[in-house]
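Notes follow the structure.
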Amino acid sequence: MLKYLVAVAALSLAGCVSMGTNYDVAAVDRLRVGMTKAEVIGLLGQPNQVVTNSDGSECIVWVHSTGSMFGANARSLGLPFGPDGKLTDVPK
């Protein structure tokens with residue numbers, strides 16, 4: 001019986017895929033304007049992309065997607081930082 005359960009569990013997980021940084025959605029609510037990049041990365045984990053603008057400001061992006069034979073799910077978060085490295089806006 002145990003072998004059967006292990007086989008079913010293995011087959012169920014075989015089609016699962018996860019890509020990107022699986023950031024904590026609840027941590028987004030703790031973001032505050034003025035936080036440093038280090039503080040934000042400490043809450044959300046390493047970003048997937050950093051876009052630097054000509055004025056020295058940055059947009060830091062987190063993306064996470066999952067998929068299985070039952071469907072897919074994706075979410076992303078882009079946060080703006082000023083040239084001073086501080087968060088300038090938070091999602092509502």
Side-chain angles (χ1 to χ4, degrees):
M1 181 68 168
L2 180 60
K3 288 181 183 181
Y4 175 75
L5 290 175
V6 170
V8 169
L11 288 173
S12 297
L13 294 175
C16 295
V17 175
S18 177
M19 294 179 8
T21 301
N22 189 11
Y23 61 90
D24 181 7
V25 176
V28 175
D29 292 335
R30 296 194 301 267
L31 296 175
R32 299 290 175 252
V33 170
M35 293 177 81
T36 65
K37 287 189 288 188
E39 290 172 322
V40 173
I41 291 171
L43 282 175
L44 301 176
Q46 287 299 314
N48 300 93
Q49 183 177 16
V50 177
V51 178
T52 303
N53 300 311
S54 61
D55 66 354
S57 64
E58 294 180 325
C59 182
I60 300 181
V61 179
W62 288 260
V63 178
H64 185 250
S65 61
T66 57
S68 72
M69 63 184 179
F70 302 110
N73 186 24
R75 57 190 159 96
S76 64
L77 175 66
L79 297 175
F81 288 82
D84 62 354
K86 304 262 176 105
L87 186 61
T88 60
D89 193 21
V90 293
K92 306 283 185 266

Heavy-atom pair with the smallest gap, counting every atom of T88 and G82: CG2-N, 3.4 Å
Residues passing the side-chain contact (heavy atoms from CB on, under 4.5 Å) test with S65, sequence neighbours excluded, are M19, A74
What I'd like to find out is whether the side chain of N48 reaches to under 4.5 Å of the side chain of V61, using heavy atoms alone. no
Quick one: side-chain contact (heavy atoms from CB on, under 4.5 Å) partners of A27, sequence neighbours excluded? D24, R30, L43, L44
Is there side-chain contact between F81 and V50, with heavy atoms separated by less than 4.5 Å? no
Residue pairs passing the salt bridge (Lys or Arg N to Asp or Glu O under 4.0 Å) test with at least one member in residues 60-85, sequence neighbours excluded, are none
Do you know the tightest heavy-atom contact between D55 and P83? O-CG, 3.5 Å
Would a hydrophobic clustering, with Ile, Leu, Val, Met, Phe, Trp and Tyr connected at side-chain separations under 4.5 Å, put Y23 with V51? no
For S76, all residues meeting side-chain contact (heavy atoms from CB on, under 4.5 Å), sequence neighbours excluded: V63
Measure the spacing between CG of L79 and CD1 of I60 and express it to the nearest 0.5 Å. 7.5 Å
Return the set of residues passing salt bridge (Lys or Arg N to Asp or Glu O under 4.0 Å) with K37 (not counting sequence neighbours), or none when no residue passes. E58
side-chain contact (heavy atoms from CB on, under 4.5 Å) involving D29 - partner list, sequence neighbours excluded: none
How long is the span from the CD atom in Q49 to the CH2 atom in W62, to the nearest 0.5 Å? 11.5 Å
